[in-house]
Amino acid sequence: MMRTAILILGMCYLLPGTIHAQTLDSMVQKALESHLSLDALAESRLATESTEKLQDVWTPPVFSAGVGLRPVETRVGPQRLRLGVQQRIPYSGAQQARREVVQARRYGIDMEEEQTKIELRYQVQKNYYALHVIREKEVLVNRMLESLNEQKNDRIRQMEVGEGKYSQVLLIRRIMRRYEEEINQLGYQHQTALRQLSYWVGVDSLPNFKLETEFPTIISSEDLPVELLSEHHPYLQSYDALSREYTAEKEVARMDNYPQFTIGLDYIINSQRRDVELPDNGKNALMPMIGVQMPFLTPRYSLKRQELERNIRATELNREDEFNRLNSVVRSVLDELLQNISRYRNIQQQIADTEDILQMIELEIESNTATFYDYWQLQEEIINYKWAKLDVAHRAQEAWYFIQKFKNP
């Protein structure tokens, strides 16, 4: 059973010919180079460049034609056909205002890209460290299994000379089966963490690799930042981008409230009159046209301005609320980190105290059968403490990555 467990563990990430050392930094860099979410944002940015150029393009001219089913008589003859073309003349200021709207949207995409990079870095760090913790737990359990196996063989040898007890062998076997199953479970956890890391790195699947980055046993409180969240963090600047867009739209609405001019040309085709003699009989007509739209006569601009000003104010309030919320969340995580550092030190002391007791019990095992059970109970307490220490360090490290996520990059 033990050999099977070790074989499953080895197949998870130690297959011959597939061991590749990978640092955390290399994983982060790969995510920032190849993740599809960043490619999608790059396409969105290119789309805004086309949209910005589109603002300089005039609206298409309007062609019209009319056929006189019952021609209207004029002095020069009945009107048979009327052709016309109209073109709206835009203000350069209105075009510039619309370009600024697009530029504000592109700025928002830039901030979204920065947020995505921060999230990718955080997720890669978190999942890479999860693999590190799984590896440390596997090492811890394997050492325990090796110690148990040695003790079991020693007890069997003592039984052969009539000194050992079979109940002790059964006790060790029971403990070994539990830790062998822990190895199996860690193998599944390893595959899950590797699959999650694959997504955040931006690949379909990651080959088995060796973790090259080394980590401290616990985050040092001396490394903790004094200032946590910056006013210029991309998570907050996305609100600035939205406010900038609303401000630009307000300028567009103001320009649209100006009189809108349209120029045109009508060409009227007339037929000749046969009942009179006129110098310009049947002569076609050419008529320049001009149109003026007067939006300022309606309350449309006033209502639009009020809408946008309220949206700007709402965005400013949301930004302030988000800043306060993130500060509260990050400070809570910082408190949790300090709590885990304190818990880690306490567990270390518990391990040291338990090991001192264990040394004394080792001297009494030969003379007292009950002490043998106490001995293995303390051994399990030690491994449980070490397991808990890894869990505490894991939570502390994740909290540290979370805090780093909200520092101004």
Side-chain angles (χ1 to χ4, degrees), residues 41-110 241-273 276 278-312 315:
L41 289 170
E43 291 297 327
S44 297
R45 185 183 296 103
L46 291 174
T48 62
E49 293 177 3
S50 298
T51 305
E52 184 177 358
K53 294 176 182 178
L54 186 62
Q55 306 314 309
D56 292 329
V57 179
W58 287 17
T59 57
V62 178
F63 290 92
S64 60
V67 178
L69 299 178
R70 291 184 178 181
V72 178
E73 288 287 347
T74 67
R75 189 181 69 84
V76 296
Q79 293 182 359
R80 295 291 185 183
L81 183 64
R82 186 187 188 104
L83 302 174
V85 60
Q86 295 180 352
Q87 175 64 60
R88 183 176 178 180
I89 308 299
Y91 290 107
S92 61
Q95 291 175 309
Q96 176 60 31
R98 287 183 170 85
R99 284 196 296 270
E100 289 176 1
V101 171
V102 179
Q103 290 166 5
R105 290 173 186 166
R106 183 159 61 245
Y107 178 65
I109 293 174
D110 291 341
L242 188 57
S243 293
R244 184 186 299 185
E245 183 177 343
Y246 286 140
T247 302
E249 286 181 356
K250 192 167 73 168
E251 180 63 15
V252 170
R254 188 180 73 85
M255 298 299 299
D256 285 346
N257 198 48
Y258 287 179
Q260 307 296 318
F261 294 95
T262 302
I263 60 173
L265 190 66
D266 279 0
Y267 184 71
I268 303 173
I269 300 175
N270 298 316
S271 298
Q272 289 185 350
R273 295 183 60 178
V276 294
L278 294 173
D280 53 356
N281 188 14
K283 186 176 181 179
N284 297 333
L286 188 64
M287 299 177 61
M289 306 288 291
I290 185 170
V292 181
Q293 186 179 12
M294 294 177 285
F296 54 86
L297 297 179
T298 71
R300 179 181 177 83
Y301 168 65
S302 177
L303 294 173
K304 185 67 176 178
R305 183 188 62 195
Q306 291 177 19
E307 174 196 352
L308 292 170
E309 286 176 348
R310 292 185 183 279
N311 283 335
I312 291 171
T315 303

Between Ile89 and Trp58, is any pair of side-chain heavy atoms under 4.5 Å apart?
-> yes
Could you tell me the separation between the CG atom of Leu46 and the CZ atom of Arg106, rounded to the nearest 0.5 Å?
-> 10.0 Å
When you measure from the side chain of Glu309 to the backbone N and O of Glu307, does any donor-acceptor pair fall under 3.5 Å?
-> no
How long is the span from the CD atom in Glu49 to the CZ atom in Arg45, to the nearest 0.5 Å?
-> 8.0 Å
Given Val62, Ile263, Asp266, Leu265, the one that forms side-chain contact (heavy atoms from CB on, under 4.5 Å) with Val85 = Leu265
Leu286 and Tyr267: which non-hydrogen atoms are nearest, and at how many Å?
-> CD1-CD1, 3.8 Å
Heavy-atom side-chain contact between Tyr91 and Phe261 under 4.5 Å = yes
Tell me, please, which residues at least two apart from Arg99 pass salt bridge (Lys or Arg N to Asp or Glu O under 4.0 Å).
-> Asp56
Of all heavy-atom pairs between Ala253 and Tyr301, which one has the smallest distance, and what is that distance?
-> O-CD1, 3.3 Å
Report yes if some heavy atom in the side chain of Met289 is under 4.5 Å from a heavy atom in the side chain of Gln86; otherwise report no.
-> no
Listing, residues 242-250 side-chain donor-acceptor contacts under 3.5 Å, not counting sequence neighbours, or none:
from, atom 1, to, atom 2, distance (Å)
Ser243, OG, Tyr239, O, 3.3
Glu245, OE2, Arg105, NE, 3.0
Thr247, OG1, Ser243, O, 2.9

Kindly say whether Thr59 contributes a backbone atom to a donor-acceptor pair with the side chain of Gln87 at under 3.5 angstrom?
-> yes
Given the rule in the side chain to side chain contact (heavy atoms under 4.5 Å, CB included) test, do Arg305 and Arg254 qualify, once you have shown the distances and angles that lead to the verdict?
-> CA-CA 8 Å; Arg305 183 188 62 195; Arg254 188 180 73 85; over 6 Å; no
Closest approach of Ala97 and Glu251, non-hydrogen atoms and distance?
-> CB-CG, 3.7 Å
If you look at every heavy atom in Met287 and Ile268, which pair is closest and at what distance?
-> SD-CD1, 3.5 Å
Asp256 and Arg98: side chain to side chain contact (heavy atoms under 4.5 Å, CB included), yes or no, with the steps?
-> CA-CA 11 Å; Asp256 285 346; Arg98 287 183 170 85; 3.0 Å; yes
Compare every heavy atom of Pro259 with every heavy atom of Pro295, then report the nearest pair and how far apart it is.
-> CD-CA, 4.3 Å
